Undergrad: 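The structure is given below, and queries will be raised subsequently.
In listed order, ligands and their atoms are each counted from 1. Keep in mind it's a predicted model, so treat the numbers as computed, not measured.
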Amino acid sequence: MSRRLNIAVIGAGYWGPQLARNLRASREWNLAAICDVDIDRARRVADAVGGAPVTAEIESVLADPLIDAIAIATPAAAHHAIAMAALDAGKHVMVEKPLADTQKRGTEMVRRASERGLVLMVDHTQCYTPAVMKMRELIAGGELGDILFVDSVRINFGLTQPDVDVFWDLAPHELSIMDFILPDGLQATSVAAHGSDPMNTGKSCIGHLTMPLDGGAMAHVHVNWLSPTRTRRMVIGGTRHTLVWDDLDPQQRLSVYDPGVDVSSISRATAQDRRAATSFRIGGIRAQAVEEREALGTVVSEFAAAIREKRTPRTSGAAGLRVLSILDAAAGSLAAYGVPQPLRHARRSAGVAA
Ligand SMILES: NC(=O)c1ccc[n+]([C@@H]2O[C@H](COP(=O)([O-])OP(=O)(O)OC[C@H]3O[C@@H](n4cnc5c(N)ncnc54)[C@H](O)[C@@H]3O)[C@@H](O)[C@H]2O)c1
């Protein structure tokens, strides 16, 4: 077997320790350093994973020729500067979601990685859960037929991010999943965003995104930091079947619903007899078997495989950029009191190698 790749984790707050734990457990990686401007945090994480070199100086990490790659788990505002410096130092980069705090900065990162021939991966963790991978497989296999709608809810107590609102904190998960599972990616023609800040925190704590998709379907995302109940649920309606993903129900995380609307009779009907022609199918519900596996373990394996095989990772910088383009447009819509903002989307196949 080829040598382990050396990696440094930058940022040892909430998510950095999860990365460090999974990298330590991986046979692909050697956890070569943990770096945080707060050295005590770096030390605590190193202790928790059985020891690793720690530093508060990112420059020393980037200057180390033995380090192949870095994983960035700092707040979003710091992603761009760290990623650009790392790419310039010849390191492969995995960056936490969202890829960057603006589309312009994300574009620069993708371009720089491509110019340098380095892997730029975004940790869209949810795309590596067995349930989401199964959803993608079912949709690609035609189980749902044509997609009619996607409804997604991610709500819980939050307010943990100092630099981003609820859209930038939670919606990247929903958007990255949609981009991953829909056959042509998330091809939204526009996005309308409505947010509210009922506790006067200075940023949206509750948000709704409405996105008409190419082909007439509608996607909707609801995110909320103020909900005492936790919901992680996505419903994807199709002409044949409907898929329901309830991530908090381990007994029935993923179900295929047979009942649906007979769309073919709708499309054949004239305006006058449309109501009469609409019919609802009845049928059963099938729970799909999905294995229980930590997604982050697959994330770190994919990063190593993309480096070794010199290929685009499954959640590439380009995928991160597609999510950013929607978040950026959503911010524009929010500033314009919900007026939909048109989107010029890049097809998945047009993604840069990074
Ligand atoms: N993939 C997921 O499911 C998931 C889950 C949670 C958070 N995240 C992402 O992870 C990132 C970090 O989130 P968090 O909740 O861990 O944040 P956090 O604030 O808890 O931790 C960030 C850490 O980065 C350190 N830091 C900041 N700037 C730095 C710099 N220039 N150099 C070195 N260290 C620096 C801080 O001192 C802090 O310890 C965010 O982008 C967030 O969106 C991803």
Undergrad: Run down the list Asp36, Asp169, Asp40, Val37 and name the one with the heavy atom closest to atom 32 (N) of ligand 1.
TA: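 Among Asp36, Asp169, Asp40, Val37, the closest heavy atom to atom 32 (N) of ligand 1 comes from Val37.
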
Undergrad: Looking only at side chains, do Tyr128 and Ser301 share a donor and an acceptor under 3.5 Å apart?
TA: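 Result is no, nothing qualifies.
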
Undergrad: Shortest non-hydrogen contact from Thr74 to Gly11?
TA: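 Closest approach of Thr74 to Gly11: CG2-CA, 4.1 Å.
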
Undergrad: Among Ile236, Leu144, Leu182, Val290, whose side chain to side chain contact (heavy atoms under 4.5 Å, CB included) with Met135 holds?
TA: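 Testing Met135 for a side chain to side chain contact (heavy atoms under 4.5 Å, CB included) against Ile236, Leu144, Leu182, Val290 leaves exactly one candidate, Ile236.
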
Undergrad: Does the pair Glu143/Lys134 count as a salt bridge with the N-to-O cut at 4.0 Å?
TA: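 Salt bridge flag = no for Lys134 with Glu143.
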
Undergrad: Among Tyr14, Trp168, Tyr128, which one has a heavy atom closest to atom 20 (O) of ligand 1?
TA: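 That would be Tyr14.
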
Undergrad: One residue to check: His173. Relative to ligand 1, which of side chain, backbone, both or neither has a non-hydrogen atom less than 4.0 Å away?
TA: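 The answer is the side chain.
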
Undergrad: Is the shortest distance from a heavy atom of Ile58 to ligand 1 less than 4.0 Å?
TA: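 Heavy atoms of Ile58 never come under 4.0 Å of ligand 1.
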
Undergrad: Is Glu108 salt-bridged to Arg105, cutoff N-O under 4.0 Å?
TA: no

Undergrad: Considering only NZ, NE, NH1 and NH2 on the basic side and carboxylate oxygens on the acidic side, decide whether Arg286 and Asp258 come within less than 4.0 Å.
TA: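 A salt bridge links Arg286 with Asp258.
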
Undergrad: State the atoms of ligand 1, each with its element, that fall below the 4.0 Å cut-off from a heavy-atom position in Pro75.
TA: 22 (C), 24 (O), 27 (C)

Undergrad: Just go through Gln18, Lys97, Glu96 and tell me whose heavy atom is the nearest to atom 43 (O) of ligand 1.
TA: Lys97

Undergrad: Which one of Thr74, Val61, Asp38, Ile34 has a non-hydrogen atom at the shortest distance from atom 11 (C) of ligand 1?
TA: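 Of the listed residues, Thr74 has the closest heavy atom.
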
Undergrad: Heavy-atom distances under 4.0 Å decide this one: backbone, side chain, both or neither, for Ile82 against ligand 1?
TA: side chain

Undergrad: Under 4.0 Å from a heavy atom of Asp123: which atoms of ligand 1 are those, numbered in the order shown and with their elements?
TA: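 Close to Asp123: 1 (N).
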
Undergrad: Which part of His79 is near ligand 1, with near meaning a heavy atom under 4.0 Å away: side chain, backbone, both or neither?
TA: side chain

Undergrad: Please check if the number of heavy atoms outside Arg233 that lie under 6.0 Å from its CZ is greater than 12.
TA: no

Undergrad: Pull out every atom of ligand 1 sitting under 4.0 Å from any heavy atom of Thr125, numbered as shown with elements.
TA: 1 (N), 2 (C), 3 (O)

Undergrad: If we only count heavy atoms from C-beta on, is the Val323 to His124 side-chain gap below 4.5 Å?
TA: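 Side chain of Val323 against side chain of His124, heavy atoms only: contact under 4.5 Å found.
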
